[in-house]
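Side-chain atoms are counted along with the backbone in the values below, which use heavy atoms only and exclude waters and symmetry mates. What you see is a predicted model, and the numbers here were worked out from it, not measured in a lab.
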2 protein chains.
Amino acid sequence: MPKKTKATSVDIAYRAGVSQATVSRVLRGSPLVNIETRKRVEAVARELNYKVDRHASSLRTQRSGTLALLLFEDPTPDDSHINPFFLSMLGSITRACAKHGHDLLVSFQQLSDDWHADYENSMKADGLILLGYGDYLAYQSTLEQLVDQGTHFVRWGAVLPGQPGVSIGCDNFHGGQLVGEHLYALGRRQVAFLGDASNRYPEFFARYRGCGVALHDWHVTMDPSLQVDAESSEEAGYAAAQTLLARGKPFDAVFAASDLIAIGAMRALTESGLRVPEDVSVVGFDDIPMARFANPALTTVYQNTTRAGELLVEALLKQIRDEPIESQMIPASLIVRKSSGAVFSDM
Amino acid sequence: MPKKTKATSVDIAYRAGVSQATVSRVLRGSPLVNIETRKRVEAVARELNYKVDRHASSLRTQRSGTLALLLFEDPTPDDSHINPFFLSMLGSITRACAKHGHDLLVSFQQLSDDWHADYENSMKADGLILLGYGDYLAYQSTLEQLVDQGTHFVRWGAVLPGQPGVSIGCDNFHGGQLVGEHLYALGRRQVAFLGDASNRYPEFFARYRGCGVALHDWHVTMDPSLQVDAESSEEAGYAAAQTLLARGKPFDAVFAASDLIAIGAMRALTESGLRVPEDVSVVGFDDIPMARFANPALTTVYQNTTRAGELLVEALLKQIRDEPIESQMIPASLIVRKSSGAVFSDM
DNA sequence: CTGAAAGCGCTTACAG
DNA sequence: CTGAAAGCGCTTACAG
């Protein structure tokens with residue numbers, strides 16, 4: 001079957017016996033159209049399966065009706081393993097966009113790529129949503145450029161003073177506190193932390209500090225030699241736990257900066273003959289889908305990704321409309337499962 | 001800092017002392033430009049951070065340079081739980097698009113939505129990639145409409161004669177065979193199947209038939225009363241296993257049509273006092289990331305999603321260029337882990 | 001190798 | 001409430 005050539009507003013106008021301008025008014029929902037005229041035009045448009053040409057419309061209005069989601073991670077050997085937490089964020093962002101009548105362009109980038117403002121300058125998108133882990137210091141100048149260029153963007157990440165642009169993030173500090181309190185209540189006193197703990201990775205750092213402060217309230221100090229850097233992956237968690245074990249310092253709990261790290265760490269601990277949670281309590285962060293299926297099921301900190309996606313999209317849309325917006329935090333909550341040694345579980 | 005107004009090709013032309021047409025030629029990579037002229041124009045373009053306006057360009061060329069990915073699932077109560085398998089497909093499709101210089105528009109849809117051809121008619125995308133589980137019969141007429149309208153699309157799913165359009169899919173039948181042979185080799189003779197097994201869900205059905213044929217080669221018959229319908233979710237797997245148990249018929253193996261079903265089924269089996277794999281071997285399908293972290297680690301069938309994403313994008317791009325394309329299958333391979341009872345494991 | 005000009009399909013002041 | 005007309009920023013035959 002030969003492809004029919006696409007109908008244009010001129011075709012609709014001709015068939016409906018009106019001007020092309022009136023067709024456009026009907027399709028844009030202008031109130032300045034007689035109800036009868038409107039009905040006639042709508043009927044013809046439906047019959048010809050007419051859809052407004054996005055490019056013509058956007059060229060005229062200078063609005064694309066599209067947001068771009070940039071997922072970035074530090075270069076990883078295996079491209080296909082995107083952090084599952086970001087994947088669920090992607091799901092909720094997609095839905096939030098649809099709800100607000102916008103399309104979503106998705107792109108994966110390396111931090112090193114030169115993507116700044118490309119999307120908005122080329123009119124592909126009206127604004128950007130940035131999502132990913134990466135070195136905040138290396139990244140800062142790129143963000144400042146975006147601000148300077150007047151690019152509309154929001155970021156998922158640490159909510160900090162002095163950060164360029166607007167961020168939506170989890171209350172990582174409080175999440176860390178919840179973990180610290182939980183581990184203390186379980187009788188743990190020697191808490192290790194697996195994950196970067198510096199200004200370069202402020203989300204992890206805030207989790208670390210929160211935990212430390214909670215323990216400190218009970219006069220327990222986190223030993224810095226029980227902290228091992230790790231990016232958010234199962235492999236890094238495995239390696240970090242091995243490093244920790246090799247140091248030979250005793251510990252009775254592991255707070256991993258993310259669930260992936262925790263799952264990798266549990267594997268290393270188990271392989272070394274330690275029992276989780278009997279010998280070591282393990283707690284993660286993110287509550288990714290596989291956390292409940294880990295062995296043992298992983299105690300972790302939950303962040304409402306649906307809400308997060310909504311907030312990101314709403315903030316970006318406001319910014320595009322030149323409304324004032326501010327960074328915002330969503331609450332963290334503890335999900336207790338078997339890996340920390342608690343007697344109850346949600347499984 | 002006030003936002004500078006976006007530079008246009010006219011601005012570049014003025015600054016470079018050439019016509020706007022020449023600027024366009026340079027930016028399109030036309031060979032009909034003097035090397036000196038080209039360099040001058042490129043320098044100015046870079047300096048002004050100029051990017052070709054996508055809408056103007058697409059309006060003129062009638063090509064959007066964008067593909068749309070439509071992820072659909074039967075309506076589910078919880079929106080945020082997209083099948084992890086599709087999520088990894090999304091990852092590989094995104095990368096494949098980038099590699100081929102195209103953007104990717106992502107949308108989640110209910111099967112009931114009226115999205116057919118909308119993307120292409122509105123010029124938002126040059127073609128569609130369809131990805132999801134759903135009732136093939138309910139869905140068939142929608143696909144036929146797409147074909148009639150000349151919409152460019154490829155689908156991830158069952159590769160079957162008589163299906164409208166082009167599909168890329170896994171060799172589900174062979175995957176099922178691998179599972180049947182594996183279970184037979186483990187000494188299992190009463191194999192239950194959890195998942196729809198009808199023409200409505202041909203992917204699941206092919207897995208079922210493959211397993212049945214493999215066992216039949218060893219003179220083992222799959223008892224139809226050990227088959228229970230289930231869509232691909234942990235909850236459905238849990239419920240299906242309970243139904244199976246309630247039937248009271250003995251079984252020593254469960255082949256689940258997907259990993260999510262398998263994970264739910266293992267939970268139900270364990271709760272009922274059965275041991276996996278000692279009493280019952282469990283095998284899934286898809287090799288989603290959490291399969292290896294399930295308890296016990298799940299034996300499953302792997303499909304190379306990176307390759308699948310590549311094939312989908314390449315096929316669609318060919319179709320858009322009016323080159324001939326055909327449906328294609330990618331191989332299935334068995335990943336043996338603990339849940340089936342094998343003595344070795346990849347963990 | 002380069003420029004002038006037409007035109008892609010809309011939206012929206014402007015005039016009536 | 002409706003139409004004629006300008007113009008959004010490109011690409012590409014056409015002419016030189």
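To the nearest whole angstrom, the two P atoms, one in dT2(C) and one in dA6(C), are 23 Å apart. Taking atom P in both dG9(D) and dA13(D), one finds a spacing of 23 Å when rounded to whole Å.
Within the nucleic acid shown, Q62(B) comes within 4.0 Å of sugar-phosphate atoms alone, with no base atom in reach, counting heavy atoms only. Contact annotation for V10(B): no contact, since no heavy-atom pair falls under 4.0 Å across all strands. Residue contacts for S30(B): at a heavy-atom cut-off of 4.0 Å it reaches no nucleic acid atom on any strand shown.
Judged by atom type and distance alone, R25(A) reaches the base of dG3(D) through a side-chain donor-acceptor pair under 3.5 Å.
Separation of atoms NZ (K99(B)) and CD (E310(B)) is listed at 3.5 Å; rounding is to 0.5 Å. Remark: N49(A) CG to Q145(B) CD distance equals 8.5 Å, nearest 0.5 Å.
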> For I168(B) and V159(B), what are the C-alpha separation, side-chain angles and deciding distance, and is it a side chain to side chain contact (heavy atoms under 4.5 Å, CB included)?
Replying inline: CA-CA 7 Å; I168(B) 309 291; V159(B) 176; 6.0 Å; no
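Of the candidate nucleotides dT2(D), dT11(C), dT12(D), dT12(D) has the atom lying nearest to any side-chain atom of A21(B).
Across all strands shown, dA13(C) forms no Watson-Crick or G-U wobble pair with both distances under 3.5 Å. Base pairing of dA4(C): no nucleotide in any strand meets the Watson-Crick or G-U wobble criterion (both distances under 3.5 Å).
OP1 and OP2 of dC10(D) both lie 4.0 Å or more from every side-chain N or O belonging to S24(B).
Formation of a donor-acceptor pair under 3.5 Å by the Y139(A) side chain with backbone atoms of R200(A) is not found in this model.
Remark: P of dG9(C) and OH of Y14(A) are 18 Å apart, rounded to the nearest angstrom.
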